There are 2 protein chains.
Amino acid sequence: MLRLSTKGQYGVRAMYEIAKCSGLGPVTIKRISEEQHVSVAYLEQILSKLRRAGIIKSVKGPGGGYMLARDPKLISIGEILRELEGPVAITSCLDPKEGCVRVDSCVTHLLWKSLGDNIKRFLDGMKLQDLLQGDQFVALASKSGSAVKKGFSGRQGR
Amino acid sequence: MLRLSTKGQYGVRAMYEIAKCSGLGPVTIKRISEEQHVSVAYLEQILSKLRRAGIIKSVKGPGGGYMLARDPKLISIGEILRELEGPVAITSCLDPKEGCVRVDSCVTHLLWKSLGDNIKRFLDGMKLQDLLQGDQFVALASKSGSAVKKGFSGRQGR
DNA sequence: ATAATAGCTGAGTATATCTGTCAAGTATTT
DNA sequence: AAATACTTGACAGATATACTCAGCTATTAT
């Protein structure tokens, strides 16, 4: 359950590759393809989206390729995935494009919203820089292993 | 991204309905269908799986229906979803059925594993009882909003 | 016994999404 | 102007989703 599409996965791997080689000039799509084992044609689709989103920049012509548009500390995994797969939306009624008819009457609405918010917070907190450093991830809940409950979810940072 | 299938969603809603009416004798599939707006035929599929998993019990014949097999404090949302949709597996290489060829060489492996573990912890910590109480959910990360990082993920409970 | 109720099961199907490929560009540099 | 590299949109096969349907089995009330 809750699988990520390959587009998102490859997108993050591609971004990693670009970040890794930054400073050595633009990274060609061919290189990304070879290093990360993803076809050039498929990468074109993915990188095109990321470029339009302003996460990477491209340089045309011989010697061209892709480079980060910002410092890797300022690029989150969440942002990359959102551009490629749309926002986190556990259920269709939480998708901003669709909307929920009976928000208040639905017992589970808040459950899915809360889960979605957690995931979002995780993904937005994780930066490309962290991937580069191999600095990796002990989770949001460092504590007990059981969720923190409270009367109501209310506003949560976001 | 990361959408849950309707089977999982309906399953949780059905479990809620059964839990809500527990103490009034078995709940018929027809009632669940009407209250939760899911077709009888589709519910049969869903409830059948949950019954075989031992989460609910059924009584045949007139006056029959479904009831919880355990205290709602002991039934987690994670367990319900796992029976209906399989384990959380953000990527195919983290699916126990498939396995990963290059675990160590893959930079993103740990990222997805960590995200998956978080989700799992959230879902397993959330019990049917919590839904009943409308006692809902402030999330795993009560703190800063940024993920807690550490050198390596190491063993985490499970 | 038997009729009515209620759950049980597996097969089947339409639709949508995913996971790509292909072809024909356009822009830039040497 | 030739070579390199990115850009775009169309399209297609495979898989998964979201169901329905038909016919069955078990249980209880009369």
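Below, chain A is the first sequence line, B the second, and so on; all start at residue 1. Remember, predicted model here, so these are calculated numbers, not experimental data. The basis for the numbers below is simple: all heavy atoms, side chains too, and nothing from hydrogens, waters or symmetry mates.
Taking atom CD1 on I56(A) and atom P on dC6(D), their separation rounds to 10 Å, with Å as the unit. Protein atom CZ of R3(A) is 14 Å distant from nucleotide atom C1' of dT17(C), rounded to whole Å. Between R52(B) atom CZ and dT9(C) atom C1' there is a gap of 8 Å when expressed in whole angstrom units. Taking atom CG of residue L43(B) and atom P of nucleotide dC19(D), one finds them 11 Å apart after rounding to whole Å. Rounded to whole angstrom, the span from the NZ atom of K30(B) across to the C1' atom of dC8(C) amounts to 19 Å. Computed from coordinates, the I46(B) CD1 to dG7(C) P distance equals 14 Å when rounded to whole Å. Atom pair M1(A):CE and dT17(D):C1' shows a separation of 17 Å (rounding to whole Å applied). Rounded to a whole Å, the NZ atom of K49(B) is 12 Å from the C1' atom of dT17(D).
With D117(B) as the partner, the side-chain hydrogen bond (donor to acceptor under 3.5 Å, both in side chains) test is satisfied by one option alone out of K113(B), R121(B), K120(B): K113(B).
The side-chain hydrogen bond (donor to acceptor under 3.5 Å, both in side chains) test applied to E83(A) returns no partner, not counting sequence neighbours. Looking at residues two or more places apart in sequence or on another chain, you find a side chain to side chain contact (heavy atoms under 4.5 Å, CB included) between E34(A) and K30(A).
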A correct 5'-to-3' footprint of nucleotides 19-30 of chain C, with B, S and - meaning base, sugar-phosphate only and no protein heavy atom under 4.0 Å, is BBB----BSBB-
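Applying the 4.0 Å criterion to OP1 and OP2 of dC8(C), one finds that R51(B) has a side-chain N or O inside that range. Between S58(B) and the phosphate of dC8(C), there is a side-chain N or O to OP1/OP2 separation shorter than 4.0 Å.
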Give the intermediate values and the outcome of side-chain hydrogen bond (donor to acceptor under 3.5 Å, both in side chains) for residues E85(B) and S5(B). CA-CA 8 Å; E85(B) 306 200 18; S5(B) 82; 3.0 Å; yes
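Listed by first and then second residue, the ring-ring contact (aromatic ring centres under 6.0 Å, His included) pairs involving residues 40-77 of chain B are Y10(B)-Y42(B) (not counting sequence neighbours). Among residue pairs with one or both ends in residues 51-75 of chain A, those qualifying as salt bridge (charged side-chain N to carboxylate O under 4.0 Å, His left out) are R70(A)-E79(A); sequence neighbours excluded.
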If you look only at distance, which donor and acceptor atoms sit under 3.5 Å apart when one is on a side chain in residues 17-26 of chain A and the other is two or more places apart or in another chain?
from   : atom 1 : to     : atom 2 : distance (Å)
E17(A) : OE1    : Q36(A) : NE2    : 2.9
E17(A) : OE2    : R31(A) : NE     : 3.4

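Contact annotation for I29(A): backbone-only contact, meaning every heavy-atom pair under 4.0 Å involves sugar-phosphate atoms and none involves a base.
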